[in-house]
Amino acid sequence: MASVAAFDQADRDLVARFEAAGQGHVFRFLPQLAAAEVSDLLADARQVDLAKLAQILASAPATGGESAEAGQIEPPGDELQRMEATEDHRRLRLAAHDRGLHEIEAGRVAVVVAAGGQGTRLGSTAPKGMWPVGPLTGKPLLAWHAEKVRYWAKRVGRPIPFVVLVSDATAQATADFVRWHNHFGLDPTWIKLVKQGSLPAVDDAGRIVLTSASRIALAPNGHGGVYAALRESRVIDLLADHGVRTLAYCQVDNPLIRTLDPLFVGFHVRNESEFSSKSVMKRGPAEKVGVFGRVGGRPAIVEYSELTVEQESAIDAEGALVFGQGNIAAHCIDVAFARRMADEGLPYHRARKKVPCADATGRTVEPDRPNATKFECFVFDALPRAARTVVVEARRSDEFSPIKNATGDDTPDTARRDLIEMFRGWMRRAGVTPPDGAIEISPFDAPDEHAYRALRGLARA
Ligand code: UTP
């Protein structure tokens with residue numbers, strides 16, 4: 001049993017601050033905790049920014065932050081670059097590709113992969129970045145992305161900064177993983193792990209939830225935490241000092257994505273965009289992805305939950321869904337704009353979740369229904385604040401098959417299936433007959449179809 005008298009003054013001040021904020025209950029099991037548990041609880045408590053929590057509780061709206069009211073949403077405008085099968089469009093895409101490649105060659109692009117999430121739906125205890133994804137090799141997701149970056153670094157003959165967003169939930173395991181994998185063959189000085197903040201879950205009365213007698217229910221503050229993480233780690237200064245102008249952002253759980261895509265970078269730079277996105281056609285009206293549209297005249301990404309059933313299934317003159325361009329969470333972000341977002345801050349969204357919590361005796365109870373609220377900010381809430389933007393339509397089969405769930409849609413099995421199908425498509429279009437069964441093309445050999453064709457000595461598709 002720990003003696004509270006063993007506390008130093010800083011610990012006592014910490015408890016006093018919690019009491020003053022009406023959160024003193026966090027320490028209610030203190031007298032019955034062992035010394036190691038007291039250390040855990042104090043360490044968790046030190047991470048809680050009480051002033052920020054109070055501010056969020058006072059201001060976070062029930063659903064989206066700067067999101068739309070149903071009815072105010074309009075379809076996207078000329079910011080959307082649709083995929084068209086015309087010769088003009090093909091030329092435009094080739095020009096964008098060449099421009100993007102030039103930016104990468106000049107060292108003006110860094111890659112940022114968000115890997116700070118808890119992977120709750122997948123049920124993985126390790127960070128999702130460690131999930132095996134190579135259909136033959138079982139190569140893990142983070143290594144899969146890193147190899148694509150390695151391909152480009154080799155191609156342009158210079159290191160490309162590889163920034164990984166981590167959180168308290170993933171930081172240590174990811175750092176160890178990167179070391180065990182010898183930095184994936186990348187220049188170690190240019191792999192940067194930046195840590196986002198965490199926020200506690202609260203109950204209906206706004207009281208911080210304990211998951212056990214000695215642990216606070218802390219969760220990462222959403223992928224929108226990337227802006228503050230870049231600023232607080234000073235990695236954004238380092239990148240800017242080295243001439244980086246564009247952050248090529250994607251999320252670790254989508255193995256198909258072109259982690260670094262010259263075409264996308266090219267569209268972003270040519271349009272002098274501050275925040276660019278990639279989209280794919282939704283599978284159907286009910287697919288649960290955010291969609292591109294306009295809110296109050298400004299380009300925005302609208303959460304699926306904010307569309308009415310009529311909006312969700314509305315069809316345009318060509319028979320396509322009016323709100324059919326789904327967000328695949330790949331963005332090009334201007335470095336100065338990212339810094340501005342870190343300074344301005346983003347709104348926090350509330351999500352009701354099932355959070356394991358301590359009962360009256362301090363024992364952990366698994367709730368059978370949502371019992372607490374978590375707070376997250378989203379990387380794409382920056383979009384309406386961008387002076388200029390572009391949305392580049394991509395082919396789903398080439399770029400999007402995220403691993404979200406253990407069963408149903410968007411699982412490890414569907415991602416594996418889609419990877420294999422993508423490789424088969426590359427081979428067939430290159431005049432190669434794919435073998436039966438699983439196949440894998442190493443991302444380091446060919447991160448995309450252009451590279452695969454080049455490997456085979458063929459012209460660009
Ligand atoms: P999701 O919102 O799908 O969350 O994140 P998740 O953590 O992967 O899974 P659930 O919701 O707990 O089941 C999409 C991407 O954003 C990253 C994740 O690592 C994933 O790559 N992310 C999410 C962060 O980097 N930080 C966060 O706070 C949340």
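Remember, predicted model here, so these are calculated numbers, not experimental data. One-based numbering, in listed order, for ligands and for the atoms of each. Each residue takes its place number in the sequence, starting with 1.
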(Q) Between R417 and E421, does any side-chain N to carboxylate O distance fall below 4.0 Å? (A) no
Q | K278/D261 ion pair, N-O < 4.0 Å | A | yes
(Q) Starting from atom 25 (O) of ligand 1, what is the nearest protein heavy atom, named by residue and atom, and what distance separates them? (A) G116 N, 2.8 Å
Q) Within less than 4.0 angstrom of ligand 1, does G222 place any heavy atom? A) yes
Q) Ignoring hydrogens and geometry, is there a side-chain-to-backbone donor-acceptor pair from S233 to A229 under 3.5 Å? A) yes
Q. Do E103 and T246 have a side chain donor and acceptor closer than 3.5 Å?
A. no
Q: May I ask you to decide whether R158 forms a salt bridge with D187, counting only side-chain N to carboxylate O separations under 4.0 Å?
A: no
Q: Please write down residue, atom name and distance for the protein heavy atom closest to atom 26 (N) of ligand 1.
A: Q196 OE1, 2.7 Å
**Q.** Nearest protein heavy atom with distance in Å, relative to atom 20 (C) of ligand 1
**A.** D253 OD2, 3.7 Å
Q: Go through ligand 1 atom by atom and flag the ones less than 4.0 Å from a non-hydrogen atom of V252.
A: 21 (O)
Q. Hey, does L165 come in under 3.5 Å of ligand 1, counting only N/O atoms on both sides?
A. no
Q. For the rings on F375 and H349, is their centre-to-centre separation under 6.0 Å?
A. no
Q. Between K353, R121, K128, Q251, which one has a non-hydrogen atom sitting closest to atom 2 (O) of ligand 1?
A. R121
**Q.** Minimum-distance protein heavy atom relative to atom 18 (C) of ligand 1
**A.** G117 N, 3.6 Å
Q. Without hydrogens or angle criteria, can the side chains of T411 and D413 be said to hold a donor-acceptor pair below 3.5 Å?
A. no
Q) Considering only protein heavy atoms, which is closest to atom 5 (O) of ligand 1, and at what distance to one decimal place? A) K404 NZ, 4.0 Å
Q) Taking distance alone, with no angle check, do G119 and ligand 1 share an N/O pair under 3.5 Å? A) yes
Q: Can you pull out the closest protein heavy atom to atom 16 (O) of ligand 1? Residue, atom name and distance to 0.1 Å, please.
A: H223 CD2, 3.5 Å
Q. Using a heavy-atom cut-off of under 4.0 Å, does the side chain or the backbone of A114 touch ligand 1, or both, or neither?
A. both
Q. Any idea which protein heavy atom is nearest atom 10 (P) of ligand 1, and the distance to it?
A. T120 N, 3.5 Å
Q) Out of curiosity, L263 CG to L101 CG, how far, rounded to the nearest 0.5 Å? A) 11.0 Å
**Q.** E287/R396 salt bridge by N-O under 4.0 Å criterion
**A.** yes
